[in-house]
K.L.:
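The following block contains the structure, expressed as structure tokens.
Because the structure is a prediction, the values reported are computed rather than measured. All heavy atoms count here, side chains included; hydrogens, waters and symmetry mates do not. One is the number of the first residue; the rest follow in order along the sequence.
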Amino acid sequence: MNVIGSRPTGWWRDRDRAKRELIATLQDFADASGARVTVVLDGRPLAGLPEGAHGTVNVLYAPRRGRDAADDRIVELVEADDEPAGLVVITSDRALRERVELLGARMVGSSTFLRRVEDAST
């Protein structure tokens, strides 16, 4: 949600739509760049969008509700990776940034990433 929430687009009025729009944006990015993309979403799974590969984006959900649930799942993914230095985590959350950087992953801020995506699509 911190990628979605990094811009005041009205996302709070329809969180499910905002999540679907983010996934579509990430699919376009992955198609254009060849990057492997995983998105971890908070909240209940979206209708018609279970965990797993959806086109070029792997969709995951936080396994529990509450504060930092998706962040914890992201940290688990980084911890489980054999080469965390090859991972880039997109977030604007300072605490998550510190956690994944300690594990060896790189970090890019949400707004910076979204600007790169927009620039690549023009």
Side-chain angles (χ1 to χ4, degrees):
M1 288 307 296
N2 66 58
V3 174
I4 293 170
S6 67
R7 294 188 171 168
T9 60
W11 59 267
W12 52 88
R13 289 188 291 269
D14 189 341
R15 290 175 183 247
D16 287 358
R17 186 186 82 220
K19 291 175 185 179
R20 290 179 190 283
E21 288 173 354
L22 174 63
I23 291 167
T25 298
L26 294 174
Q27 286 173 328
D28 291 345
F29 169 75
D31 291 343
S33 68
R36 289 186 3 221
V37 176
T38 297
V39 61
V40 179
L41 299 171
D42 285 315
R44 62 172 169 58
L46 298 172
L49 200 66
E51 276 202 343
H54 294 275
T56 51
V57 174
N58 187 36
V59 175
L60 301 175
Y61 293 92
R64 63 174 176 79
R65 301 176 100 182
R67 184 172 174 80
D68 297 330
D71 294 359
D72 291 345
R73 179 96 190 251
I74 292 165
V75 170
E76 289 170 6
L77 293 170
V78 174
E79 286 175 327
D81 197 281
D82 291 336
E83 296 183 36
L87 300 177
V88 178
V89 175
I90 310 302
T91 185
S92 296
D93 183 279
R94 186 177 307 144
L96 178 58
R97 175 186 180 153
E98 291 171 1
R99 292 171 70 189
V100 297
E101 286 180 334
L102 283 172
L103 295 169
R106 293 176 290 146
M107 197 285 306
V108 171
S110 300
S111 294
T112 300
F113 173 73
L114 291 172
R115 276 192 305 276
R116 288 180 188 168
V117 169
E118 289 170 354
D119 291 346
S121 68
T122 56

K.L.:
Could you walk me through whether Glu76 and Arg64 pass the salt bridge (charged side-chain N to carboxylate O under 4.0 Å, His left out) test, one step at a time?
P.N.:
CA-CA 13 Å; Glu76 289 170 6; Arg64 63 174 176 79; over 6 Å; no
K.L.:
Taking the side chain as everything from C-beta on, heavy atoms only, tell me whether Arg99 gets closer than 4.5 Å to Asp72.
P.N.:
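Yes; the side chains approach each other to less than 4.5 Å.
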K.L.:
Same cluster or not: are Val89 and Phe113 linked, directly or through other Ile, Leu, Val, Met, Phe, Trp or Tyr residues, by side-chain heavy atoms under 4.5 angstrom apart?
P.N.:
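Cluster IDs for Val89 and Phe113 differ.
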K.L.:
According to a 4.5 Å side-chain heavy-atom criterion applied to Ile, Leu, Val, Met, Phe, Trp and Tyr, with indirect links allowed, do Val88 and Leu103 form part of one hydrophobic cluster?
P.N.:
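The answer is no; the residues belong to distinct hydrophobic clusters.
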K.L.:
Could you go through Leu96 and Val75, starting from their C-alpha distance and side-chain angles, then the distance that decides it, and tell me whether this counts as side-chain contact (heavy atoms from CB on, under 4.5 Å)?
P.N.:
CA-CA 8 Å; Leu96 178 58; Val75 170; 3.8 Å; yes
K.L.:
With the side chain counted from C-beta on, respond yes when Leu41 and Ile23 share a heavy-atom pair under 4.5 Å apart, and no when they do not.
P.N.:
yes
K.L.:
With a 3.5 Å distance limit and no angle check, can you tell me whether Gln27 reaches the backbone of His54 through a side-chain donor-acceptor pair?
P.N.:
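Yes, Gln27 side chain to His54 backbone: donor-acceptor pair under 3.5 Å.
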K.L.:
Do Arg7 and Glu118 sit within salt-bridge range, that is, some charged N less than 4.0 Å from a carboxylate O?
P.N.:
yes
K.L.:
So, taking the atom named CG in Asp71 and the one named CG in Asp93, what distance separates them when rounded to the nearest 0.5 Å?
P.N.:
5.0 Å
K.L.:
Is there side-chain contact between Asp16 and Arg44, with heavy atoms separated by less than 4.5 Å?
P.N.:
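They are in contact (side-chain heavy atoms under 4.5 Å apart), so the answer is yes.
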K.L.:
Roughly how far, to the nearest 0.5 Å, is the CG atom of Leu22 from the CG atom of Leu114?
P.N.:
7.5 Å
K.L.:
Does this structure show an ion pair linking Arg94 with Glu98, if we count only N-O contacts that are shorter than 4.0 Å?
P.N.:
no
K.L.:
Answer yes or no: is there a side-chain heavy-atom contact under 4.5 Å between Leu77 and Leu60?
P.N.:
yes
K.L.:
Around atom CZ of Arg36, are there more than 12 heavy atoms of other residues, nucleotides or ligands at under 6.0 Å?
P.N.:
no
K.L.:
For the side chain of Lys19 and the backbone of Ile4, is there at least one donor-acceptor N/O pair under 3.5 Å apart?
P.N.:
no
K.L.:
Would you confirm whether Arg73, through its side chain, and Tyr61, through its main-chain N or O, come within 3.5 Å as a donor-acceptor pair?
P.N.:
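At least one qualifying donor-acceptor pair exists.
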K.L.:
Specify the closest pair of heavy atoms between Ala69 and Pro63, including all atoms of both residues, with the distance to one decimal.
P.N.:
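Looks like O-CD, 4.4 Å.
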K.L.:
Dump the intermediate steps for side-chain contact (heavy atoms from CB on, under 4.5 Å) on Val108 and Arg116, then the final yes or no.
P.N.:
CA-CA 11 Å; Val108 171; Arg116 288 180 188 168; 3.9 Å; yes
K.L.:
Going by the side chain to side chain contact (heavy atoms under 4.5 Å, CB included) test, name the single residue among Val37, Asn2, Val3, Val39 that passes it with Ile90.
P.N.:
Val3
K.L.:
Kindly give the heavy-atom pair with the smallest separation between Ala35 and Phe29, and that separation in Å.
P.N.:
CB-CE2, 3.9 Å
K.L.:
Of all heavy-atom pairs between Ala18 and Trp11, which one has the smallest distance, and what is that distance?
P.N.:
CB-CB, 3.7 Å
K.L.:
Going from CG on Leu46 to CD on Glu51, what distance comes out if it is rounded to the nearest 0.5 angstrom?
P.N.:
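Rounded to the nearest 0.5 Å, the CG-CD separation comes to 11.5 Å.
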K.L.:
What is the minimum heavy-atom distance between Ala62 and Asp42, and which atoms define it?
P.N.:
CB-OD1, 4.1 Å
K.L.:
To the nearest 0.5 Å, how far apart are CG in Leu26 and OG1 in Thr56?
P.N.:
8.5 Å
